[in-house]
Visitor: 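Here it is: the structure, laid out below.
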Amino acid sequence: MDDQCRVLAAALETLDDVFYVYDTDGRLAYWNARLNELFGLTDSELSGMDPTEFFVADDRAAVEAAIAEVFESGQTTVEARAETTEGVVTFELSGRLLTADDGTVQGFSGVGRDITDRREREWHLQRQNERLTEFADLLAHDLRTPLAVTSGHLELAAEELSPERIDAARDGLQRLESIINDLRTATREGALAADKQTINIADVATTAWNHVETGSAVLEPPPSILVEADAKRLLRLFENVFANAVTHGPERDERGSDEERDGDATGITVRVVPTPDGFAVEDDGRGIAPDERERVFEPGASRAADGTGFGLYIVRAIAEAHGWTVRATAGEHGGARFEFDIDADTAC
């Protein structure tokens, strides 16, 4: 190997991308060390491998089609997922035909680039667009009724100057303001959490509790749990979860009124607890029926007569903006429990 070839080989070994060369039979003939690292295979194990062997079953057909394309048209690009030593990686794979001076086909070469993060960002943007579509539908539905009611009361109030009707109109306007504010919040919080820093959940939860009208509900002192998060969005998340617990947690009797427990209608206890995958917020109230646990995150879902139904929807939007997931389950004491699973690299 002359000096020029040595320099070229050394340069290929420094790439973060995978470089590969396949022969005319579609068998692996040359590669850089990045391929060994990602798949934990030796040179003897890699030699002669078929391209499809690296990728998940669902993506192998696309890889086969790309190989056919490179031999037919001279170049190709395809995306495929592979299980690697670094987890599931989405690759953008290129291929260009290799020919000798006399035009004889010798195989093809290409680069496999990790585009997992890019696809993750695109997924978040897609989710944001879906939310904006949902908002447009909700505006047409949820704002029409209070606007009609308010207009009707104002017309009658103008004729009768009835204080009761003016109060009803004022209530309608206040509800409209609540819906609009929650829509704006949901739009804003659904954006990617860009200003991340190390935050102690105990501090944020305590602050959020003081911001919410909790009556005589009690928050147990939260434990220290460190996460990488956007401080303002995380504060809003806890405020909404706590408000949901206080509003929906107390037991109700058949007439829909608060049922006093130990002489205290709102005497629920709320806890923040660590979990193997992140953290959870739970209460000892009436809980959420199994068939309602997914629906509570939908926009417009509320069991309170004066609720806008955006509280838990905003909670899920904030969680997703951080790359987390949230689900509703039964609490250890029979109430509602919201479990937040965060990526391994966002927990400290």
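All values below come from the heavy atoms of this structure, side chains included, with hydrogens, waters and symmetry mates left out. Note that this is a predicted model, so its numbers are computed, not measured.
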Visitor: Decide if atom CZ of Arg119 counts as having more than 12 heavy atoms of other residues, nucleotides or ligands within a radius under 6.0 Å.
Guide: yes
Visitor: Any donor and acceptor pair, going by atom type alone, linking the side chain of Arg271 with main-chain N or O of Glu220 inside 3.5 Å?
Guide: no
Visitor: Take atom CD in Glu83; do more than 12 heavy atoms of anything else shown fall under 6.0 Å from it?
Guide: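 Result for CD/Glu83: open.
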Visitor: So Val227 and Leu234, do their side chains get closer than 4.5 Å, heavy atoms only?
Guide: yes
Visitor: Looking at side-chain heavy atoms only, is the closest gap between Met49 and Leu41 below 4.5 Å?
Guide: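 Side chain of Met49 against side chain of Leu41, heavy atoms only: contact under 4.5 Å found.
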Visitor: Would you call Lys196 and Glu228 a salt bridge, using N to O less than 4.0 angstrom?
Guide: no
Visitor: Can you find a pair of side-chain heavy atoms, one from Ile67 and one from Tyr22, that are under 4.5 Å apart?
Guide: no
Visitor: Mind listing the closest non-hydrogen atom pair of His322 and Arg233 along with its distance?
Guide: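 For His322 and Arg233, the tightest heavy-atom pair comes out as CE1-CB, 4.0 Å.
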Visitor: Report the C-alpha separation of Phe238 and Val212 in whole Å, then their side-chain angles, then the decisive distance to 0.1 Å, and conclude whether the side-chain contact (heavy atoms from CB on, under 4.5 Å) test is met.
Guide: CA-CA 10 Å; Phe238 275 101; Val212 176; over 6 Å; no
Visitor: Okay, side chain of Tyr20, backbone of Val111: is any donor-acceptor separation there less than 3.5 Å?
Guide: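 Pair found, side chain donor or acceptor close to backbone of Val111.
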Visitor: Testing the 3.5 Å rule here: is there a donor-acceptor pair between the side chains of Thr325 and Glu320?
Guide: no
Visitor: Evaluate Phe242 against Asn210 for side-chain contact (heavy atoms from CB on, under 4.5 Å), listing each step before the verdict.
Guide: CA-CA 10 Å; Phe242 290 155; Asn210 292 329; over 6 Å; no
Visitor: Using every non-hydrogen atom in the two residues, find where Val296 and Ala328 come nearest and quote the distance to one decimal.
Guide: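 Closest heavy-atom pair between Val296 and Ala328: CG2-CB, 4.5 Å.
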Visitor: Scan residues 43-63 for pairs that pass ring-ring contact (aromatic ring centres under 6.0 Å, His included), counting only residues two or more places apart or in two chains.
Guide: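 For residues 43-63: Phe39-Phe54.
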Visitor: Just wondering, more than 12 heavy atoms not from Asp101 lying within 6.0 Å of its CG?
Guide: no
Visitor: Between the main-chain N or O of Ile288 and the side-chain N or O of Arg293, is there a donor-acceptor pair closer than 3.5 Å?
Guide: yes
Visitor: Would you call Glu86-Arg34 a salt bridge at under 4.0 Å N-O?
Guide: yes
Visitor: Hey, is the main chain of Arg81 close enough, under 3.5 Å, to the side chain of Asp59 for a donor-acceptor pair?
Guide: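 Here the side-chain-to-backbone pair exists.
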Visitor: Closer than 3.5 angstrom, by distance alone: can the side chain of Glu292 be matched with the main-chain N or O of Ala289 as a donor-acceptor pair?
Guide: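 Checking the backbone N and O of Ala289 against the side chain of Glu292, no donor-acceptor pair under 3.5 Å is found.
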Visitor: If the threshold is 4.0 Å, N to carboxylate O, is there a salt bridge linking Glu92 and Arg113?
Guide: no
Visitor: Does Arg316 come within less than 4.0 Å of Glu298, counting only side-chain N to carboxylate O?
Guide: no
Visitor: Short question: side chain of Ser47, backbone of Asp43 - any donor-acceptor pair under 3.5 Å?
Guide: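 Not a single qualifying donor-acceptor pair exists.
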Visitor: For the pair Asp114 and Thr84, evaluate side-chain contact (heavy atoms from CB on, under 4.5 Å) and give the outcome as yes or no after the intermediate values.
Guide: CA-CA 11 Å; Asp114 183 348; Thr84 74; over 6 Å; no
Visitor: Tell me whether Asn36 contacts the main-chain N or O of Trp31 through its side chain, where contact means a donor paired with an acceptor under 3.5 Å.
Guide: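 No, Asn36 side chain to Trp31 backbone: no donor-acceptor pair under 3.5 Å.
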Visitor: Which residue pairs pass the ring-ring contact (aromatic ring centres under 6.0 Å, His included) test when at least one of the two sits in residues 63-85, sequence neighbours left out?
Guide: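 Every pair satisfying ring-ring contact (aromatic ring centres under 6.0 Å, His included) with a residue in residues 63-85: Phe71-Phe108.
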Visitor: Examine distances only and state if a side-chain atom of Thr85 and a backbone atom of Glu37 form a donor-acceptor pair shorter than 3.5 Å.
Guide: yes
Visitor: Does Glu213, at its CD atom, have more than 12 non-hydrogen atoms belonging to other residues, nucleotides or ligands within less than 6.0 Å?
Guide: no
